[in-house]
Trainee: 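Have a look at the structure that comes next, please.
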Amino acid sequence: MPTIIATTLLILLALFPVTGNASDWPLHGRTYDEQRFSPLKQINEESVEGLGLTWAFATGNTRGMEATPIVVDGVMYISTAWSRVVALDARTGKLQWSYDPQVPGEKGRDACCDVVNRGVAVSGDQVFLGALDGRLIALDKSTGKENWSVQTTDTSKPYTITGAPRVIGNKVIIGNGGAEFGVRGYFSAYDTESGKMIWRFYTVPSEDASEDDAQPSLRAARATWPQNALWESGLGGTAWDSFAYDPELNLLYAGVGNGSQYNRAVRSPGGGDNLFIASIVAVNADTGKLVWHYQTTPADSWDYTATQHMILTELEVLGETRKVIMQAPKNGFFYVLDRATGELLSAEKYVPANWASHVDLETGRPVETEVADWSDQQRYITPAIVGGHNWNPMAFSPDTGLVYIPTIHTTYPFTADPDFEFNPNTMNTGEDYPDLVRNMPAIAPGFCSPTRLTAWNPARQEQVWQVKFNDGVSAGVLATAGGLVVQGTTDGYLAVYRDTDGELLWRQQVNVGIMAPPISYAIDGEQYIAVVAGIGGSQGGHFTNLDNRNPGHVFAFKLGGKAEPPPPEPRHRTIHAEESMLTEATAEKGQDLYAVHCLRCHGANAQSSGVIPDLRYSTSEVHAIWKQIVIDGVFASRGMASFADSLNEEDVNAIHSYVIREAVRSQDWGRRAGKWLGSQVCIPAEWVAD
Ligand code: CA
């Protein structure tokens, strides 16, 4: 009987209470080393069958939810879509306070990958938030009232913040995103009390070399860019998510993203490695001065960011114990570096990768293959743009010595735009989106995206076990001293696996898809596991198959938990478009325009997961005011900004025709198949890389 086991364990736990430190989840990765490992073990292989939902909190949004909850002294602090914050009683889920920074809806257009936020930082009596519009905000921890707010970005440029701040002493560290549109990357330290900037580290040079006196590391970086670099794009290199900190070395590690734009032949026509894009940089936390760097993908041309989660630990390497930093960046190689010096210790493929044969340990560089260069022909390159691993954090168990990585196994046809010109109002990746859409292979019914939970031995650089999913998103991971690995799924389960062999021990359906990483904490001797739910982001917006309305939630589980999950909220799909509305003459033009301006949010082939509306199911009212929406921006407050800077009335009519055509086609397919294929928002079979 699970309850008997649970009760026994509760008694045992009362006798051996967990320490105060182990009870909280005070930092983004629980500790500065970002291991995402909970030392709690009340929930373990024996007791886990008694695990159940104990409370659910509805956040009131239906966009992507990516936050790591912070739990300090019995209170849970969560950020939701649109950079809102709630403080909850971590025992009951009861709301203590909420805060809305009132990010303008128009700002949604600058978000490459949904209006997500990956969490707050808590330190002293303050909560720190990075808002989508570039503000860094300090809140009073007990009331949620604003203490100070500072604009960390140039508001004339499409900068966004989606990452969680990190606090080190009196400094709060924050980066930003926007490389796909064209911005210059940096991260900064602000004073926790005053909000005053203490230092800033630019990840790429600017055209103005006089800046190098203030940041000497830019001199070394500048030497890796040509004079004719695409300066107006800002060059990218945004540090939009990953940080780790070693207090002994006083080194702050930052993961740096891709260049702007992707195609290096255009971004950097004179060649060069393009530092510090796609790199891990280690800076002195007091001064922001560079101590070492390691570039995972020199001259990146594939959106192979090194912004993925980094973990610090000690490993035996050739019989010697080394302090290491580990990362599984998008490029498909798992890296182990000496974190004091940046020396590369090992690198092996953790997913299929065809762009490089191996990493040369002498030079520290990947050896590119002949398929890597897509500058003058379309190439299927693995991993895909989403990477072998994206923002969803991995976890490390010091008990098993394994890293648990949410992996993605896909390939992607990189297609260069031969007529590329920088345009500040669109994505600037250098890809030919109209060509990509025109030649997109058919989407396989019922087939989504191969994602996996991969257990990796970092010392031996080899896979130990793997669990396979047919999901668009491989969710963030938690490891615990109870011998468990915890991960959510796109189709609404929270699942628990044995850490040694990946056997499924327990799962519960909560009726909302999960992509965020779970956490664990304890209050009065009871261990909880909590996670935020809600699909979205770049993967969840496109390559998923959501049949529900995606209501954002926070879920908490404990032994003996008996709460009911929210009922499923089916998504109703009705096509209001009719053949008579078609003006086929412009649909082809509309398809090309859609590919450039609409695809990244509303989905390829006019099919989305529905997190951002699938336009085929537009209501009659929306069809009637199509032009007012796209040109006049009447839905701007909901995130649909005006495109008057990019599209005229004829363009908008053409896009409308294209969407109507796709809607009518979906209806025909559905009729023929005897069911709706409209919800199939997966990937073509050709995009699988097993
Ligand atoms: Ca990117």
Side-chain angles (χ1 to χ4, degrees), residues 59 61-66 80-82 108-109 111-116 162 384-386 390-392 406 408 410 412 437 440 442-451 469-476 488-493 509-516 532-553 568-575 594-595 598-619 622 638-640 659 662-663 665-666 669-670 675-684 687-688:
T59 56
N61 61 274
T62 56
R63 297 284 288 265
M65 295 278 283
E66 299 189 351
T80 72
W82 291 109
R109 187 175 158 185
C112 73
C113 310
D114 201 355
V115 293
V116 295
T162 55
I385 278 181
V386 293
N390 207 290
W391 65 269
N392 317 72
I408 309 165
T410 54
Y412 177 81
V437 169
M440 200 159 148
I443 286 170
F447 183 79
C448 270
S449 188
T451 53
F469 308 104
N470 186 24
D471 274 354
V473 186
S474 195
T489 66
T490 314
D491 58 355
Y493 284 99
Q509 174 65 246
V510 292
N511 296 325
V512 188
I514 298 168
M515 56 178 182
V532 304
I535 293 291
S538 58
Q539 297 148 271
H542 294 249
F543 306 123
T544 54
N545 193 354
L546 286 186
D547 287 323
N548 66 65
R549 288 190 56 252
N550 203 39
H553 271 81
E569 292 186 31
R571 192 183 289 285
H572 297 289
R573 296 186 178 86
T574 311
I575 289 177
Y594 179 96
C598 319
L599 170 151
R600 68 184 174 82
C601 291
H602 292 285
N605 289 341
Q607 299 177 16
S608 85
S609 66
V611 171
I612 294 173
D614 184 319
L615 298 175
R616 295 170 302 161
Y617 306 110
S618 297
T619 62
V622 164
R638 302 191 204 170
M640 174 59 197
V659 169
E662 293 307 304
R665 279 183 180 173
S666 309
W669 292 338
K675 61 173 183 174
W676 287 109
L677 292 185
S679 64
Q680 300 292 351
V681 193
C682 300
I683 66 166
W687 292 20
V688 175

Trainee: Over all heavy atoms of both residues, which pair between G536 and D114 is shortest? Give the atoms and the distance, please.
Mentor: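 Closest approach of G536 to D114: CA-OD2, 3.4 Å.
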
Trainee: State, to 0.1 Å, how close R600 and C112 come at their nearest heavy-atom pair, and which atoms those are.
Mentor: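 So the two residues come closest at NH1-CA, 4.0 Å.
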
Trainee: Quick check: closest heavy atoms across A516 and M65, and the distance to 0.1 Å?
Mentor: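 Heavy-atom minimum between the residues: CB-O, 3.7 Å.
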
Trainee: Do P570 and R549 have side chains that get closer than 4.5 Å, going by heavy atoms?
Mentor: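 A side-chain contact under 4.5 Å is absent here.
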
Trainee: Without swapping roles, check the side chain of Q509 against the backbone of D491 for a donor-acceptor pair under 3.5 Å.
Mentor: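 Checking the backbone N and O of D491 against the side chain of Q509, a donor-acceptor pair under 3.5 Å is found.
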
Trainee: Looking only at heavy atoms, which two atoms of V115 and G108 are closest? And how far apart?
Mentor: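 Closest approach of V115 to G108, heavy atoms only: CG1-CA, 3.9 Å.
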
Trainee: Using only atom types and a distance under 3.5 Å, with no angle test, would you say the side chain of Y412 pairs donor to acceptor with the backbone of V386?
Mentor: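 Looks like no, no N/O pair under 3.5 Å.
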
Trainee: Any donor and acceptor pair, going by atom type alone, linking the side chain of S608 with main-chain N or O of I612 inside 3.5 Å?
Mentor: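 Checked: pair present.
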
Trainee: What are the two closest non-hydrogen atoms of P450 and T410, and how far apart are they?
Mentor: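 Scanning both residues completely, I find the closest heavy atoms to be CD-CG2, 3.8 Å.
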
Trainee: Set out, in order, the CA-CA distance, both residues' side-chain angles and the distance that settles side chain to side chain contact (heavy atoms under 4.5 Å, CB included) for Y594 and L599, then state yes or no.
Mentor: CA-CA 6 Å; Y594 179 96; L599 170 151; 4.1 Å; yes

Trainee: Starting at OG1 of T451, measure out to CG of N470 and round the result to the nearest 0.5 Å.
Mentor: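 Between atom OG1 of T451 and atom CG of N470 there are 7.5 Å.
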
Trainee: With V473 as reference, evaluate T490, I514, T489 under the side-chain contact (heavy atoms from CB on, under 4.5 Å) test and give the passing residue.
Mentor: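 Checked T490, I514, T489 against V473; only one passes side-chain contact (heavy atoms from CB on, under 4.5 Å): T490.
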
Trainee: Keeping N390 on the side-chain end and N392 on the backbone end, is there a donor-acceptor pair under 3.5 Å?
Mentor: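 Such a contact is absent between N390 side chain and N392 backbone.
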
Trainee: Rounded at 0.5 Å granularity, tell me how far CD in E66 sits from OG1 in T80.
Mentor: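 Rounded to the nearest 0.5 Å, the CD-OG1 separation comes out at 12.0 Å.
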
Trainee: Taking I575's backbone N and O only, do any of them form a donor-acceptor pair with R616's side chain (distance below 3.5 Å, no angle check)?
Mentor: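 Not confirmed, R616 side chain does not pair with I575 backbone.
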
Trainee: Which distance, rounded to the nearest 0.5 Å, do you find between the CH2 of W687 and the CD1 of I385?
Mentor: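 Going from CH2 on W687 over to CD1 on I385, the span is 8.5 Å.
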
Trainee: Is the shortest side-chain heavy-atom distance between C113 and T162 below 4.5 Å?
Mentor: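 Sidechains of T162 and C113: no contact.
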
Trainee: Working to the nearest 0.5 angstrom, can you tell me the gap between R63 CZ and R638 CZ?
Mentor: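 Rounded to the nearest 0.5 Å, the CZ-CZ separation comes out at 12.0 Å.
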
Trainee: Heavy atoms, side chains only, cut-off 4.5 Å: are I408 and Q539 in contact?
Mentor: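 When only atoms from C-beta onward are counted, Q539 and I408 do touch, with a gap below 4.5 Å.
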
Trainee: Out of curiosity, W391 CH2 to M515 CE, how far, rounded to the nearest 0.5 Å?
Mentor: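 Spacing of CH2 (W391) from CE (M515) equals 5.0 Å.
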
Trainee: Donor-acceptor pair, H553 side chain versus V532 backbone, under 3.5 Å?
Mentor: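 No: the side chain of H553 does not pair with the backbone of V532.
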
Trainee: First locate atom CG of N550, then atom OG of S609, and finally report the distance between them rounded to the nearest 0.5 Å.
Mentor: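 These two atoms lie 7.0 Å from each other.
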
Trainee: What's the shortest heavy-atom distance between A475 and P406, and which atoms?
Mentor: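 Closest approach of A475 to P406, heavy atoms only: O-CB, 3.2 Å.
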
